Chemist: 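Sharing a structure here in structure tokens format.
Values below: every heavy atom of this structure, side chains too, minus hydrogens, waters and symmetry copies. One-based numbering, in listed order, for ligands and for the atoms of each. Note that the structure is predicted; figures quoted are calculated from it, not measured.
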Amino acid sequence: MKKTLEVKTGTDKYKIFIGNNILSSSGLLIKKKLVSQRVFIITNKLIYRLYGKKLENSLKKNKINFSKIIINDGEQYKNIKTVNLITSKLLKYKVDRNDTLIAFGGGVIGDIVGFSASIMLRGINFIQIPTTLLSQVDSAVGGKTGINTKEGKNLIGTFYQPRLVISDVSLLKTLPKREILSGYAEIIKYGLIMDKKFLNWLLANESKLQKFNKKYLIEAVFRSCKNKAIIVRKDEKEKNIRAILNLGHTFGHAIEAVNNYQKSLTHGEAVSIGIMMALDMSSLQGNNLNKNINIIKDHFEKLKMKTKIPNNIKIKTSINKFKEIMNSDKKVKNNHINLILLRNLGEAYLANRYSNRNLESVINKYIN
Ligand code: NAD
Ligand code: GLY
């Protein structure tokens, strides 16, 4: 079973293939997108050990020449040093403008490879083969690329669309449960911000999704990407509406920062707590959400997603410090934090006017 979607922006158009066991036939899909018959697979040791041969066999079958570049695994390597390593290796291999990079991994690899592709020879083609749920439903689609610096996450980056996205849900069977839940936070986000029907479908099929039913997983990835494609088509460069895709993220990034980016909380876990904070803030702002917040909280708790900072994590921060960190987010304009809030389930808006007291009360509830 395979589903296909198209992403269109003002200047680009590409397909997303979503299915079970489609990595083994990926060579054929890739071949159609190549200019030269040379690709560079960029991945990490773990993903290469798990799935590298499957990808390489499919490339060989389709007579595509490939080289691989292995980078370190982890958010801490999403930096300029790794970009240097990738670009130097590509130059050593005498990469040319007709070659293609393949980002084979989760969001970290996708973001670094996309960034490297966008600056290599002023831009060469790249293909995303996302291997985590988060990357399949979010980061591999829409063309945001980026790296971290000591000043913050993803502050250096480009908008640069891939030529093709291949999402094989069978790869998710080796993904740790925590990482699956990180991805699920992004899935539910689409329901909350723009698609009540999808949200209801997710709530109704909680147990099937929990059991990794492939048919339901493909449907969830497909509907997530479809929603993302709608937004990206309207606003590729995040001038306005694309910002709603960041529901819970400004809160979440601040949680990650006050936890010093330690592994005790993943990005997705911080985002799911951030979503709960955004829902609370929406409610305090007078949007009629009280009953609905409990429905979402129950759903998160049933799936064992985080709804608050766990008691064993000791956060040392203050309301002001937390706000200061939120203020260093990319979504800040004219020194003012713009929040993504919900008017109702399935309807998000960008709030640049809200009560500071409400914001402080939400932060206080979650950090203490
Ligand atoms: P990740 O890429 O770090 O992957 C998580 C872990 O899972 C890694 O250790 C990885 O090696 C491992 N892994 C990957 N695939 C696996 C598989 N199939 N089986 C077993 N293990 C596997 O994390 P992520 O959650 O995929 O991505 C997070 C990153 O994505 C962050 O840097 C975030 O900023 C970025 N992001 C970008 C966008 C965007 O639009 N560009 C959107 C959301 C998040
Ligand atoms: N992940 C948010 C975006 O792509 O805009």
Chemist: Is a salt bridge present between K3 and E219, judged by a nitrogen-to-oxygen distance below 4.0 Å?
Modeler: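 A salt bridge links K3 with E219.
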Chemist: Specify side chain, backbone, both or neither for N44, according to which of its non-hydrogen atoms lie closer than 4.0 Å to ligand 1.
Modeler: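 Side chain only; the backbone of N44 stays clear of ligand 1.
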Chemist: I'd like to check which ligand 1 atoms, numbered from 1 as shown, lie under 4.0 Å from a non-hydrogen atom of T132.
Modeler: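 In order of numbering, the contacting atoms are 4 (O), 14 (C), 15 (N), 24 (P), 26 (O).
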Chemist: Decide whether an N or O pair under 3.5 Å exists between K189 and ligand 2.
Modeler: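 No, no N or O pair falls under 3.5 Å.
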Chemist: Can you check whether T158's main-chain N or O pairs, donor with acceptor, with T145's side chain at less than 3.5 Å?
Modeler: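 Checking the backbone N and O of T158 against the side chain of T145, a donor-acceptor pair under 3.5 Å is found.
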Chemist: Do K308 side-chain atoms and Y366 backbone N/O form a donor-acceptor pair below 3.5 Å?
Modeler: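 Judged by distance alone, no pair lies under 3.5 Å.
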Chemist: Starting from atom 24 (P) of ligand 1, which protein heavy atom do you reach first, and at what distance in Å?
Modeler: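 Checking every protein heavy atom, the shortest distance to atom 24 (P) of ligand 1 gives G107 N, 3.5 Å.
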Chemist: K228 near ligand 1, heavy-atom distance under 4.0 Å?
Modeler: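 Yes.
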Chemist: Evaluate salt bridge (charged side-chain N to carboxylate O under 4.0 Å, His left out) for D280 paired with K365, printing each intermediate quantity in order.
Modeler: CA-CA 10 Å; D280 278 356; K365 174 175 163 191; 2.7 Å; yes
Chemist: Quick check against the 3.5 Å criterion: does S272 have a side-chain atom that pairs as donor or acceptor with the backbone of A185?
Modeler: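 The answer is no, because no donor-acceptor pair under 3.5 Å joins these two groups.
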Chemist: Counting only N and O atoms by type, is there a donor-acceptor contact under 3.5 Å from the side chain of N287 to the main-chain atoms of L289?
Modeler: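 Not confirmed, N287 side chain does not pair with L289 backbone.
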Chemist: Do R343 and Y349 form a cation-pi contact, if we require the NZ or CZ to be under 6.0 Å from the six-membered ring centre and within 45 degrees of the ring's axis?
Modeler: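 Verdict for Y349: a cation-pi partner in R343.
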Chemist: Keeping the roles fixed (side chain from Q136, backbone from D168), state whether a donor-acceptor pair exists under 3.5 Å.
Modeler: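 Yes, the answer is positive, given that a donor and an acceptor are paired below the 3.5 Å cut-off.
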Chemist: May I ask you to say whether R357 pairs ionically with E360, meaning some side-chain N is under 4.0 Å from a carboxylate O?
Modeler: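 Judged by the 4.0 Å cut-off on N to carboxylate O distance, R357 and E360 do not form a salt bridge.
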Chemist: For ligand 2, which atoms sit closer than 4.0 Å to a heavy atom of K144?
Modeler: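 The atoms of ligand 2 under 4.0 Å from a heavy atom of K144 are 2 (C), 3 (C), 4 (O), 5 (O).
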Chemist: Which atoms of ligand 1 have any heavy atom of D111 under 4.0 Å away?
Modeler: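 Within the 4.0 Å cut-off of D111, ligand 1 contributes 35 (C), 36 (N), 37 (C), 39 (C), 41 (N).
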Chemist: At less than 4.0 angstrom from any non-hydrogen atom of K78, what atoms of ligand 1 do you find?
Modeler: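 It comes down to these atoms of ligand 1: 31 (C), 32 (O), 33 (C), 34 (O), 35 (C).
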Chemist: Measure the distance from atom 15 (N) of ligand 1 to every protein heavy atom, then report the residue, atom name and distance (to 0.1 Å) of the closest one.
Modeler: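 Of the protein heavy atoms, T131 OG1, 2.7 Å lies nearest.
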Chemist: Identify which one of K144, K78, K153 satisfies the salt bridge (Lys or Arg N to Asp or Glu O under 4.0 Å) criterion when paired with D111.
Modeler: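 Among K144, K78, K153, the one that satisfies the salt bridge (Lys or Arg N to Asp or Glu O under 4.0 Å) with D111 is K78.
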Chemist: Atom 4 (O) of ligand 2: which protein heavy atom is closest, and how many Å away?
Modeler: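 Of the protein heavy atoms, K228 NZ, 2.6 Å lies nearest.
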Chemist: Looking at atom 1 (N) of ligand 2, what's its closest protein heavy atom, distance included?
Modeler: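 Among all protein heavy atoms, the one nearest atom 1 (N) of ligand 2 is D138 OD1, 3.0 Å.
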Chemist: Note the single closest protein heavy atom to atom 42 (C) of ligand 1, along with its residue, its atom name and the distance in Å.
Modeler: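 The answer is S139 CB, 3.5 Å.
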Chemist: Would you mind listing which atoms of ligand 1 come within a distance below 4.0 Å of any non-hydrogen atom of K144?
Modeler: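 Close to K144: 39 (C), 40 (O), 41 (N).
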Chemist: When you measure from atom 16 (C) of ligand 1 to every protein heavy atom, which one gives the shortest distance, and what is it?
Modeler: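 Ranking protein heavy atoms by distance from atom 16 (C) of ligand 1, first comes L175 CD1, 3.5 Å.
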Chemist: Evaluate salt bridge (charged side-chain N to carboxylate O under 4.0 Å, His left out) for D12 paired with R163, printing each intermediate quantity in order.
Modeler: CA-CA 8 Å; D12 288 294; R163 295 284 93 225; 2.7 Å; yes
Chemist: Does the N or O separation between T174 and ligand 1 drop below 3.5 Å for any pair?
Modeler: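 The answer is yes, given that T174 and ligand 1 share an N or O pair closer than 3.5 Å.
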Chemist: Heavy-atom distances under 4.0 Å decide this one: backbone, side chain, both or neither, for E75 against ligand 1?
Modeler: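 Only the side chain of E75 comes within reach of ligand 1.
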Chemist: Taking both backbone and side-chain atoms of L172, is any N or O found less than 3.5 Å from an N or O belonging to ligand 1?
Modeler: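 No; every N/O pair is 3.5 Å or more apart.
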Chemist: Is there a side-chain contact between I47 and L50 (heavy atoms, below 4.5 Å)?
Modeler: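 No, too far: nothing below the 4.5 Å cut-off.
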Chemist: Is the closest side-chain heavy-atom distance between K53 and Y48 below 4.5 Å?
Modeler: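 A side-chain contact under 4.5 Å exists here.
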Chemist: Could an N or O of ligand 1 be found under 3.5 Å from any N or O of I109, whether backbone or side chain?
Modeler: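 No; every N/O pair is 3.5 Å or more apart.
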Chemist: Parallel, tilted or perpendicular, judged at 30° and 60°: which one describes the rings of H253 and H249?
Modeler: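 Perpendicular: the ring planes of H253 and H249 meet at over 60°.
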Chemist: Geometry only, no angles: is S135 polar-contacting ligand 1 at N/O separations under 3.5 Å?
Modeler: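 No, since none of the N or O atoms of S135 sits under 3.5 Å from an N or O of ligand 1.
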Chemist: Would you kindly specify which portion of V141 sits under 4.0 Å from ligand 1, judged on non-hydrogen atoms: side chain, backbone, both or neither?
Modeler: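 It is neither part, as no heavy atom is under 4.0 Å.
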Chemist: Could you check atom 1 (P) of ligand 1 against the protein and tell me its nearest heavy-atom contact, residue, atom and distance included?
Modeler: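 Result for atom 1 (P) of ligand 1: V108 CG2, 3.9 Å.
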Chemist: Considering heavy atoms of the protein only, find what lies nearest to atom 44 (C) of ligand 1 and give residue, atom and distance to 0.1 Å.
Modeler: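 For atom 44 (C) of ligand 1, the nearest protein heavy atom is L134 CD2, 3.6 Å.
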Chemist: Which ligand 1 atoms does L50 reach within 4.0 Å, using its non-hydrogen atoms?
Modeler: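 What qualifies from ligand 1 is 19 (N), 20 (C).
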Chemist: Please report which non-hydrogen protein atom sits nearest to atom 8 (C) of ligand 1, along with the residue it belongs to and the distance in Å to one decimal place.
Modeler: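 Looking only at protein heavy atoms, the one closest to atom 8 (C) of ligand 1 is D73 OD1, 3.3 Å.
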Chemist: How does V232 reach ligand 2, if at all, at less than 4.0 Å between non-hydrogen atoms: by side chain, backbone, both, or neither?
Modeler: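 Neither; no heavy atom under 4.0 Å.
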Chemist: For T145, which part has a heavy atom under 4.0 Å from ligand 1: side chain, backbone, both, or neither?
Modeler: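 Looking at T145 and ligand 1, no heavy atom falls under 4.0 Å.
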Chemist: Could you find the nearest protein heavy atom to atom 43 (C) of ligand 1 and give me its residue, atom name and distance?
Modeler: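 The closest heavy atom on the protein side is D138 OD2, 3.5 Å.
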Chemist: Would you mind running through ligand 2 and noting each atom that sits below 4.0 Å from a heavy atom of N246?
Modeler: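 Reading through ligand 2 atom by atom, the close ones are 2 (C).
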Chemist: With atoms numbered from 1 as shown, which atoms in ligand 1 lie under 4.0 angstrom from a non-hydrogen atom of K153?
Modeler: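 Atoms satisfying the 4.0 Å criterion: 34 (O).
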Chemist: List the steps and the verdict of side chain to side chain contact (heavy atoms under 4.5 Å, CB included) for Y354 and I337.
Modeler: CA-CA 10 Å; Y354 48 82; I337 313 165; 3.4 Å; yes
Chemist: Any carboxylate oxygen within less than 4.0 angstrom of a Lys/Arg side-chain nitrogen, looking at D138 and K228?
Modeler: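 Yes, D138 and K228 are salt-bridged.
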Chemist: Between F40 and Y93, what is the ring plane arrangement, given parallel below 30°, perpendicular above 60°, and tilted in between?
Modeler: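 If you compare the ring of F40 with that of Y93, the planes turn out tilted.
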Chemist: Check each atom of ligand 1 against the heavy atoms of Y51 and keep those under 4.0 Å away; list them by number with element.
Modeler: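 So the atoms of ligand 1 that pass are 18 (N).
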